[in-house]
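Each remark here refers to the structure printed beneath this line.
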Number of protein chains: 2
Amino acid sequence: MTGKNDAAGGTGLSPGIEAAWGLRDRPVKGPKPGLSVDRIVAAAVGVAASEGLGAVSMGRVAKELGASTMALYRYVSAKEELYLLMQEAAMGTPEPLPALESGAGWRAALGEWAWAQRRMFQRNLWALRIPIAGPPASPNSVAWWEQGLQALRGSGLSAGTRISVVLLVSGFVRNEATLMSDVAAAVEEKGVPAEEFMARWERTVRRLVDPVRHPELAGLLGTGVISEPDGPDHEFEFGLARVLDGIEVFVRREAG
Amino acid sequence: MTGKNDAAGGTGLSPGIEAAWGLRDRPVKGPKPGLSVDRIVAAAVGVAASEGLGAVSMGRVAKELGASTMALYRYVSAKEELYLLMQEAAMGTPEPLPALESGAGWRAALGEWAWAQRRMFQRNLWALRIPIAGPPASPNSVAWWEQGLQALRGSGLSAGTRISVVLLVSGFVRNEATLMSDVAAAVEEKGVPAEEFMARWERTVRRLVDPVRHPELAGLLGTGVISEPDGPDHEFEFGLARVLDGIEVFVRREAG
DNA sequence: CGGTTCTGCGTATCTAGTACGCGCTACCGC
DNA sequence: GCGGTAGCGCGTACTAGATACGCAGAACCG
């Protein structure tokens, strides 16, 4: 009840997070901090990016910074908090959308938004391996939402519906990206190259498919459609187009 | 090169998994096993269902069975393998779809398929918390795929496209369910009831939203749309309808 | 300048996964 | 029937990793 540092407001955020979000001011007494939350997060992100999320341990990050493990706990209250901050760093501030500025219509804007999100995930596949703690509430995720909602400005949809649409699209993007992340992680863990990995996977599927109980799959396996991916973006493009089509049908219906 | 137990076939599956899938026969020498993979998996699933996936440790499961921790390793080569088997158990064999039998058309069938999948996840929210190892290749996931493909029989879509559609829909379902699972896990971890949890979350969002940089969100927060969920199925129904609409547009275009 | 507040970090604890090897059991072929 | 052998249960021990606790010293207060 006294101002910025009041915990009774009850955001449920930990002190470390609030500090990082700029919701809390740094004290002024004691010795100068030798580290900073930013440096710690950057180091952790570096490790995750080069060796996978699994390589991120408190000790490893500390070593990266030339500090002791326990020193990190002065800046971050737990590993989960570090995860949160890493996620936030990965997400970054969304880039401005050309279609939004030019007033090109909600569909173009939403499409760009989806692609931007995908690019963001692609750059940080490790982020999708972080075990989720709950619904997102962080500066950057808020910024992304805002942008998604802005894309729907001209759609004529109601407030509640706009939220649903944003949820649908970002869910789609996230899911697509997660698939890539899963494969990437599996490939990284075993030392196997991606092709060999997929070949092995297909062989397993073949072994499990019974022509009698699985006629459709058996047919597909015959045609070889499975083993020939149409480029990394193909599924995404297809899915996004379907989703946007579906939304468009709805927008037309509401408007008409 | 000698038959069923030949590892040179290279499915990449571990022995324990192959045994569980029935791809490998039980040896006949030695003492009778006191446990079984099935009982172990059942115990693990029980723990996960009642106390969350986090409570599943080798020791905990063993205790549940009145065995020692290490005894489990005779049946399961590692915890990750146990996870896989648990996932498989959760998935189960898909129920038959009425719309499929009655020839009600691909849209009805695909819709039913999606709902069935959602029910399955809902019954086993813990399964969605299992860190994914790679692309799914197991008897039950194969059975689910098959069913999805069958739903698209009358659609006139090409083989490759049918796969994409199945991927899109199951991805949507999975993503939706994952959101619920995340919330459920967070609620379970803190001792807080769901409402209090959401309220706290909303307060946090409010604190992060700046009316100037986030006009759309600020507007929404004013209307109170956020805090009034329209029932647990609402988002799912909305999203599924959009996705199916989008697919329908495509099917019509291809057919016409 | 003492007091206060903060820092870095060594030490220790706890949880969990799992390698290893021992002693025992049940079925083999002779 | 009997040694040989494969397979079982599990005690012991090691490892990695998160993190509680407390001390010593630094920076800034009045």
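Only heavy atoms go into these numbers, but all of them, side chains included; no hydrogens, no water, no symmetry mates. Order of the sequence lines fixes the chain letters, A, B, ..., with proteins taken first and strands second; residue numbering starts at 1 for each chain.
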Closest of C:dG3, D:dA18, D:dT19 to the A:Ala78 side chain is D:dT19
Provide, to the nearest angstrom, the distance between the CE atom belonging to B:Met70 and the P atom belonging to D:dC10.
12 Å
Atom-pair distance (CG on B:Leu65; P on D:dC8), nearest Å:
16 Å
Separation between CE (A:Met91) and CE (A:Met86), nearest 0.5 Å, reads 12.5 Å
Counting only side-chain N and O atoms of B:Tyr73, is one of them less than 4.0 Å from OP1 or OP2 of D:dC8?
no
Using a heavy-atom cut-off of 4.0 Å across all strands, would you classify A:Met58 as base, sugar-phosphate, or nothing?
sugar-phosphate
Please give, in whole Å, the distance from C:dC6 P to A:Leu35 CG?
17 Å
Using whole Å, report how far CD of B:Glu80 lies from C1' of C:dT18.
14 Å
Taking atom types as modelled, find out whether B:Gln87 and B:Ser138 have a side-chain donor-acceptor pair closer than 3.5 angstrom.
no
The nucleotide from D:dG17, C:dC9, C:dG17 with an atom nearest the side chain of B:Ser57 is C:dG17
Contact check, side chains of B:Phe172 and A:Asn175, non-hydrogen atoms, under 4.5 Å:
no
Rounded to the nearest 0.5 angstrom, the CD-CE distance for B:Glu195 and B:Met198 is 11.0 Å
Return the value, rounded to whole Å, for the distance between atom CD of A:Glu81 and atom P of D:dA18.
14 Å
Nucleotide C:dA16, atom P - distance to CG of B:Leu72 in whole Å
14 Å
Pairwise 5' ranking along DNA chain D for A:Arg60 and A:Arg74, keeping only the more 5' one
A:Arg60
Please report, rounded to the nearest Å, how far the C1' atom of C:dG8 is from the CD1 atom of A:Ile40.
12 Å
Can you find a side chain N or O atom of A:Lys79 that sits less than 4.0 Å from OP1 or OP2 on D:dA18?
yes
